[in-house]
Amino acid sequence: MPTSVLLTPTAQRQIDALRKPDRASYDQFLSQLRSQGCKALKYRLAGPVVEHLCVKHLRGLLRVVVGFTAKDKAVVLLVGPHKDDDPNIDVYAGLYRLAGLEAPPKENRSKPPCCGEETSLLAMSVAVGAAYLTRRDGASYRACIKSGAVAFAATMTTATAALAALGAVAR
């Protein structure tokens with residue numbers, strides 16, 4: 001069964017800002033996601049709320065974070081580089097800020113498969129919904145990053161509050 005794919009406004013801007021080789025890698029992934037569903041993703045994340053989201057490594061440091069609102073309905077939440085040394089542009093640091101977490105969980109990360117045991121679609125839907133709240137003013141992801149940490153953090157503030165509130169309901 002084909003998987004329908006939606007993009008958050010943030011993800012759309014991030015994808016639009018990709019350079020040609022990264023965009024080709026993303027486009028190939030998108031085709032796989034549509035045809036294979038969760039099997040196109042590498043693993044699920046660890047920690048509260050984000051444990052319902054899946055990740056795929058694309059080209060180089062590029063990562064894509066995806067949630068499912070149903071088995072055949074995926075939402076691309078974020079697309080960006082994984083750069084431990086620069087939390088201002090690190091896709092995981094941005095995701096953890098969205099989830100209201102200061103840092104990734106310290107527990108051992110087992111990186112379970114995305115298609116493994118069923119995850120809570122309610123919690124995943126909450127995470128997906130919160131991601132829709134970011135950057136509604138139309139500023140591009142790259143411009144947001146270039147404007148510095150304060151602007152990037154401000155971008156995440158509304159979604160962080162919404163995710164924290166909705167996350168409590170999902171638990």
Side-chain angles (χ1 to χ4, degrees), residues 5-33 38 40-68 74-114 124 127-164 167:
V5 180
L6 299 172
L7 306 174
T8 64
T10 299
Q12 183 63 65
R13 283 185 290 279
Q14 292 168 330
I15 293 161
D16 290 345
L18 293 175
R19 294 195 170 129
K20 196 171 186 174
D22 289 339
R23 179 59 189 254
S25 175
Y26 170 79
D27 289 342
Q28 181 180 14
F29 159 75
L30 185 59
S31 176
Q32 291 170 349
L33 180 60
C38 64
L41 292 139
K42 183 94 171 149
Y43 58 87
R44 276 186 295 120
L45 294 171
V49 181
V50 298
E51 68 194 357
H52 303 287
L53 304 176
C54 299
V55 173
K56 171 78 175 188
H57 295 204
L58 300 179
R59 182 177 180 271
L61 299 175
L62 193 61
R63 305 291 187 266
V64 61
V65 180
V66 177
F68 288 83
V75 180
V76 176
L77 301 170
L78 297 169
V79 178
H82 173 37
K83 296 190 72 152
D84 283 329
D85 61 336
D86 191 348
N88 294 324
I89 64 169
D90 180 54
V91 71
Y92 296 118
L95 178 65
Y96 288 116
R97 281 191 296 272
L98 277 172
L101 303 171
E102 291 183 24
K106 295 189 189 233
E107 66 222 27
N108 287 336
R109 295 189 316 162
S110 60
K111 295 185 177 181
C114 186
M124 197 172 283
V128 168
Y132 267 105
L133 297 175
T134 62
R135 297 307 286 174
R136 282 203 240 163
D137 63 356
S140 76
Y141 178 69
R142 197 174 271 168
C144 177
I145 289 170
K146 287 181 180 178
S147 63
V150 172
F152 187 77
T155 298
M156 303 301 182
T157 302
T158 302
T160 299
L163 188 56

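Note that the numbering runs from 1 along the sequence shown for the chain. Quick note: numbers below take in every heavy atom, side chains included, and nothing from hydrogens, waters or symmetry partners. Since this is a predicted model, take the numbers as computed values, not measurements.
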Rounded to the nearest 0.5 Å, how far apart are [atom1] of [X] and [atom2] of [Y]?
X	Y	atom1	atom2	answer
Thr8	Leu78	OG1	CG	6.0 Å
Leu77	Thr10	CG	OG1	9.0 Å
Leu58	Gln28	CG	CD	9.0 Å
Ile15	Leu7	CD1	CG	4.5 Å
His52	Arg44	NE2	CZ	8.5 Å
Arg23	Leu30	CZ	CG	8.5 Å

At their closest point, which heavy atom of [X] faces which heavy atom of [Y], and how far apart are they?
X	Y	result
Phe68	Ala74	CE2-CB, 3.6 Å
Pro87	Ala93	O-CB, 3.5 Å
Ala40	Phe29	O-CE1, 4.0 Å

Only counting residues at least two apart or in another chain, list the ones meeting side chain to side chain donor-acceptor pair (under 3.5 Å) with Gln12. Asp16

Note, Tyr92 side chain near Val50 side chain (heavy atom, < 4.5 Å): no

Under-2.5 Å SG separation for cysteines Cys54, Cys114: yes

Taking salt bridge (Lys or Arg N to Asp or Glu O under 4.0 Å) as the definition, give me every residue that meets it alongside Asp86, ordered by chain and number, with sequence neighbours left out. none

Set out, in order, the CA-CA distance, both residues' side-chain angles and the distance that settles side-chain contact (heavy atoms from CB on, under 4.5 Å) for Leu45 and Leu95, then state yes or no. CA-CA 11 Å; Leu45 294 171; Leu95 178 65; 3.2 Å; yes

Between Gln14 (side chain only) and Val79 (backbone N and O only), is there a donor and an acceptor less than 3.5 Å apart?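 Present.
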
Listing request: all salt bridge (Lys or Arg N to Asp or Glu O under 4.0 Å) pairs with a residue in residues 54-67, at least two apart in sequence or in separate chains.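 Of all non-adjacent pairs touching residues 54-67, those that pass salt bridge (Lys or Arg N to Asp or Glu O under 4.0 Å) are Asp22-Arg59.
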
